[in-house]
Amino acid sequence: GESHPKLLGKVADCVVALNNLRSFKPQELSNIAWAYSTAEESHPKLFEKVADHTVALNSLRSFEPQDFSNIVWAYSTAGKQHHGLFKKVADHIVALNNLASFKPQELSNMAWAYATA
């Protein structure tokens, strides 16, 4: 890919300036974290805002397995520590009846993220 730091900075500043992230779907939240991690663009306030929003949600039922995988992978890859986010995701997944809907890649990415966080 081709990174554009000024563009990514402007997008991150826009997201951080929002009053809340309620209009963002789980995939959009995880994609933002994934994109900034992949581009190696450190924007601590953006990572904090996405994590805090996710932790504050009443439920993670609307998240798909790939959303969980992408978000924890992104935070681990970027070296962003957010205990509340990792706990919320782990607690949700542990409470599931089974993990049959998770693809092997999603499971392995999550295991790696928790091992390296």
Side-chain angles (χ1 to χ4, degrees):
E2 185 172 322
S3 182
H4 194 292
K6 286 184 180 180
L7 171 68
L8 292 172
K10 191 163 189 111
V11 170
D13 291 343
C14 174
V15 173
V16 168
L18 296 171
N19 287 334
N20 61 65
L21 301 180
R22 280 181 271 170
S23 63
F24 284 75
K25 296 175 184 134
Q27 183 179 0
E28 294 160 348
L29 294 169
S30 67
N31 284 355
I32 285 175
W34 180 89
Y36 282 79
S37 177
T38 300
E40 298 179 353
E41 286 292 327
S42 178
H43 201 296
K45 289 181 181 180
L46 174 70
F47 279 93
E48 182 179 350
K49 181 130 186 173
V50 169
D52 288 348
H53 169 78
T54 304
V55 170
L57 293 171
N58 291 332
S59 169
L60 299 181
R61 283 190 310 265
S62 61
F63 280 67
E64 296 292 335
Q66 187 171 358
D67 302 329
F68 293 123
S69 176
N70 284 356
I71 202 162
V72 295
W73 179 90
Y75 277 75
S76 286
T77 299
K80 304 296 183 192
Q81 301 273 330
H82 198 288
H83 176 74
L85 173 68
F86 278 77
K87 181 176 181 348
K88 178 103 176 192
V89 170
D91 289 349
H92 176 83
I93 292 170
V94 167
L96 296 174
N97 289 334
N98 66 63
L99 302 181
S101 63
F102 286 77
K103 295 175 185 168
Q105 184 70 51
E106 295 158 350
L107 293 170
S108 63
N109 284 353
M110 283 191 306
W112 177 87
Y114 278 87
T116 61

Any side-chain heavy-atom pair of Asp52 and His82 under 4.5 Å: yes

Same apolar cluster (I L V M F W Y, side chains within < 4.5 Å links), Val89/Phe102: yes

Within one Ile-Leu-Val-Met-Phe-Trp-Tyr cluster: Val11 and Trp34, side-chain cutoff 4.5 Å: no

Straight-line distance of Thr54 OG1 to His92 NE2, nearest 0.5 Å: 12.0 Å

Side chains of Glu41 and Pro5 in contact at under 4.5 Å (non-hydrogen atoms): yes

Sequence neighbours excluded and cut-off under 3.5 Å, please list the side-chain donor-acceptor pairs for residues 63-75, or say none.
{"unit_1": "Asp67", "atom_1": "OD2", "unit_2": "Glu64", "atom_2": "N", "d": "2.8"}
{"unit_1": "Tyr75", "atom_1": "OH", "unit_2": "Phe47", "atom_2": "O", "d": "2.4"}
{"unit_1": "Tyr75", "atom_1": "OH", "unit_2": "Ala51", "atom_2": "N", "d": "3.2"}

Gap between atom OG of Ser37 and atom NE2 of His43 - 0.5 Å precision: 14.5 Å

CG-OG distance between Leu57 and Ser59, expressed to the nearest 0.5 angstrom: 8.0 Å

Reported NE2-to-CG distance for the pair His83 and Leu85, which is rounded to 0.5 angstrom: 10.5 Å

Nearest heavy-atom neighbours spanning Leu21 and Lys49: CD1-CG, 3.7 Å

Rounded distance (nearest 0.5 Å) linking atom CG of Leu18 with atom CG of Asp13: 11.0 Å

CG on Leu60 to NZ on Lys88, rounded to 0.5 Å: 5.0 Å

Considering only distance and modelled atom types, tabulate donor-acceptor pairs under 3.5 Å from the side chains of residues 107-115, sequence neighbours left out.
{"unit_1": "Ser108", "atom_1": "OG", "unit_2": "Pro104", "atom_2": "O", "d": "3.2"}
{"unit_1": "Ser108", "atom_1": "OG", "unit_2": "Gln105", "atom_2": "O", "d": "3.1"}
{"unit_1": "Asn109", "atom_1": "OD1", "unit_2": "Gln105", "atom_2": "NE2", "d": "2.9"}
{"unit_1": "Tyr114", "atom_1": "OH", "unit_2": "Phe86", "atom_2": "O", "d": "2.6"}
{"unit_1": "Tyr114", "atom_1": "OH", "unit_2": "Ala90", "atom_2": "N", "d": "3.2"}

Distance-minimising heavy-atom pair for Glu28 and Ser23: OE1-O, 3.8 Å

